[in-house]
Amino acid sequence: MEGSVGYDNDLNLKATELRLGLPGTEPVSIVRRNKRSLQQVADDDCGVNGCKSDDQNETAPPPPKAQIVGWPPIRSYRKNNIQTKKNESEGGGIYVKVSMDGAPYLRKIDLKVYSGYPELLQAIENMFKFTIGEYSEREGYKGSDYAPTYEDKDGDWMLVGDVPWGMFITSCKRLRIMKGSEARGLGRGV
Amino acid sequence: MHKKMAFSFPDEVLEHVFSFIQSDKDRNAVSMVCKSWYEIERWCRRKVFVGNCYAVSPRMVIRRFPEFRSIELKGKPHFADFNLVPDGWGGYVFPWIAEMAGAYPWLEEIRLKRMVVTDESLELIAKSFKNFKVLVLSSCEGFSTDGLAAIAASCKNLKELDLRDCEVDDLSAHWLSHFPETYTSLVSLNISCLGSDEASFSALERLVRRCTNLKTLRLNRAVPLDKIANILRHAPQLVEFGTGTYTADVRPDVYSDLAGVLSSCKELKSLSGFWDVIPDYLPAIYPVCSKLTSLNLSYATIQSPDLIKLVSHCPNLQRLLVLDYIEDSGLEVLASSCKDLQELRVFPSDPFGAEPNVSLTEQGLVAVSLGCPKLQSVLYFCRRMSNEALVTIARSRPNFTRFRLCIIEPKTADYLTLEPLDVGFGAIVQYCKDLRRLSLSGLLTDRVFEYIGTYAKKLEMLSVAFAGDSDLGLHHVLSGCESLRKLEIRDCPFGDKALLANAAKLETMRSLWMSSCAVSFAACKLLGQKMPRLNVEVIDERGPPDSRPENCPVDKLYIYRSIAGPRFDMPPFVWTMDEDSGLRLS
């Protein structure tokens, strides 16, 4: 891991650079494969369903060797389907972005690594150096300015902990640590 | 024009006889018998097929066939499917629509493949043809849901709207609501290529409900599983159905709804879709499996045991598309359960992985070839092959008409003997006398092309990659394959000699594609000069070919016969070799 996480005052310029790839890895050039023109990379990654979110570019592991243009001969829309599944399969891990209100950049974690909510929340607390409050079904997270939330498959923002863990890891698309009044309001009247 | 001879018929009688002749080949043959037959035939041809949109101009077609109702056009070369043809190459349909709009208000059917279709073209179709009935866009691109909205709004007699494998700019799912409430004539709808995170379910449901003649419905991934029951409930008459995403939280009510509504679809013969499958929901389709003749599971990332269970329920299956998760074991079950199988396509689940992720080898293909007596068409991706297996396959299944094998790693040798796979593919062409289409892969020398030239007399389309040693290979194919229409080659050491020696052959074919081969710019110029009825297109994104030495190989070469002359819609990276100076700039 390069640089430090959180609120150091020194100019961590690299950290604020927009780039593809997991934090801690070198920036990956946008032309990931040999002999590919930018146009072709765009075609491939956009595929049938229009441009996908950054998720898919970032979570696909780097190709094991130099790939040949147009080989094996598979249509783009099939390739897109395979990529999606790889991200979700047993071997691949479930990587989701974690953002924290006020933090300059995002992190990414593999949900499969954790066995339940306590472990997950502990890891997030360590990652961003803060404490989440006590969870209760009725009042959400009490005792801190922060509330962990996640975006589910339907695009709705939910409070972490409301649904069973198994359902959570298959429906969670990204995590966001809310701060301040937004966070405090969440526990009430929901 | 007609002479009163003892054996000649009045025109009307001939026309009536010709009306029973539907195939283009036969129609073309009829038109060549004599001048009067040519005349009669051209006035009564109702369906026109143009295999290469640049081989002829719209005006020429309209002039010859004044009364056609249906047109089929193909644009880009096949390798465009694999991103080998740069964007902007061509294949624009607009000029055709514009010409036909003026001449043919009564056009009913348009079928396009690998063409660029703009919203403007779709709007023009919607506006110009009052009795428009069928729009099939296969692997097309360049349009958005706005264009579809125009079609939906204006084509009151539309029966078929099929967008298979297209790239559509998904601006809004609400285009479906543009079908007026009074519109009920839909028979076939395929929107499986659309993305659209917010699908207009209520509009879709209402459309399905009022179109009681709907026989084919292929939904897109955005339609969730729990919505399918509502849609299918109103269409028990469906013959072909494509699901959306086949996953949901496992809930007994969703399951029973789905199973119930599926079992009331007594006519269902074909299923597809199955994105993101949750195996728990698969048994819902068991009730319809016994009648299924076609099953497309090529998006279903389920493992072999679930696939085996499913396939064993389908004894009448004729066509199966599946991922290699089926494994050899699954293919063995397929071979014993599905004796009517005619077509099999096995796609790779991890095409870019270095190591095999599933146990799918040549054995699976051998099993199916041995077990399925009607098997005639195969597309198979695998990681190893042997000559022995190919010979077994060829001997046991001489009725193959389409054989496409892709061994994922280029130049892979026979894994048992480490020899090239020449003998194996040689057996395929020798035993399968009706073979029309062949795709090669693996380690191959010039010898395989000698076999192909010698035996593959009915072969119409050949795809070659990373094969051969010298020009002799190409020469064997061009001089031996009498029925060859389309030849596509990439990354082979074929150069000028074979091409120039067989220049005349090229006029008997629809097209030749060569990329990353060894054909020089000089040879291209020469070919263009000598063969005025060939368009010799050099495609090179590195810059003008004359900025490099003449003997430098060109990047990509596309040669096709044409009576329309060179085209004028080329992008900056395409040059047509001309009979004049040898170089025509766009």
Side-chain angles (χ1 to χ4, degrees), chain A residues 32-53 60-92 151-156 163-164 166-171 173, chain B residues 78-88 139 141 165-171 192-198 220-222 224 245 247 249 275-276 278 298-301 323 347-355 357 379 381 404 406-410 439 441 463 465-466 490-491 515-516 541:
Chain A
R32 285 187 289 142
R33 304 168 192 170
N34 292 346
K35 294 201 232 167
R36 296 289 300 276
S37 72
L38 213 59
Q39 185 66 55
Q40 286 173 323
V41 172
D43 283 347
D44 213 11
D45 293 337
C46 286
V48 169
N49 297 326
C51 281
K52 300 252 183 213
S53 73
K65 53 180 183 259
Q67 291 189 27
I68 305 162
V69 179
W71 191 268
I74 307 172
R75 305 288 304 271
S76 306
Y77 55 79
R78 290 199 183 280
K79 285 191 237 177
N80 291 341
N81 189 58
I82 292 161
Q83 287 293 86
T84 317
K85 192 53 200 176
K86 269 201 101 142
N87 296 341
E88 294 168 24
S89 74
E90 253 75 88
E151 187 184 4
D152 73 358
K153 276 196 172 130
D154 299 324
D156 299 317
V163 302
M167 188 182 285
F168 166 72
I169 59 173
T170 52
S171 58
K173 274 171 50 181
Chain B
H78 173 242
F79 273 175
D81 284 356
F82 316 124
N83 300 333
L84 286 176
V85 178
D87 258 13
S139 303
E141 39 138 6
D165 307 333
C166 288
E167 267 189 49
V168 185
D169 205 357
D170 248 308
L171 301 175
S192 54
C193 65
L194 295 182
S196 242
D197 292 308
E198 30 101 32
N220 58 323
R221 196 174 187 171
T245 191
T247 191
D249 294 333
W275 285 280
D276 319 306
I278 290 266
S298 61
Y299 302 107
T301 48
L323 285 170
F347 295 97
S349 53
D350 186 16
F352 304 113
E355 296 302 315
N357 61 323
L379 170 62
F381 284 81
R404 298 161 69 188
C406 179
I407 304 164
I408 289 177
E409 182 63 33
S439 300
S441 58
S463 308
F466 305 102
R490 61 162 297 173
D491 294 275
S515 57
S516 306
E541 287 173 288

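Letters A, B, ... mirror the listed sequences (proteins, then strands); counts begin at 1. Keep in mind that the numbers below use all heavy atoms, side chains included, and drop hydrogens, waters and symmetry copies.
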Next item on the list: Quick one: sort the A:Trp71 and B:Phe466 rings into parallel, tilted or perpendicular, breaks at 30° and 60°.
Entry: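 Answer is perpendicular, since the angle exceeds 60°.
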Where does [X] contact chain A at under 4.5 Å (heavy atoms): side chain, backbone, both or neither?
{"X": "B:Ser298", "result": "both"}
{"X": "B:Ser463", "result": "neither"}
{"X": "B:Pro224", "result": "neither"}

Margin query: Distance check, rounded to the nearest 0.5 Å: B:Asp350 atom CG versus B:Asn357 atom CG?
Written below: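 Between B:Asp350 CG and B:Asn357 CG, I get 4.5 Å after rounding to 0.5 Å.
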Next item on the list: Please assess B:Val168 against B:Cys193 for the test side chain to side chain contact (heavy atoms under 4.5 Å, CB included), listing each intermediate value before the final yes or no.
Entry: CA-CA 8 Å; B:Val168 185; B:Cys193 65; 3.9 Å; yes
Check: Can you check whether B:Thr247's main-chain N or O pairs, donor with acceptor, with B:Asp276's side chain at less than 3.5 Å?
Finding: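 The answer is no, because no donor-acceptor pair under 3.5 Å joins these two groups.
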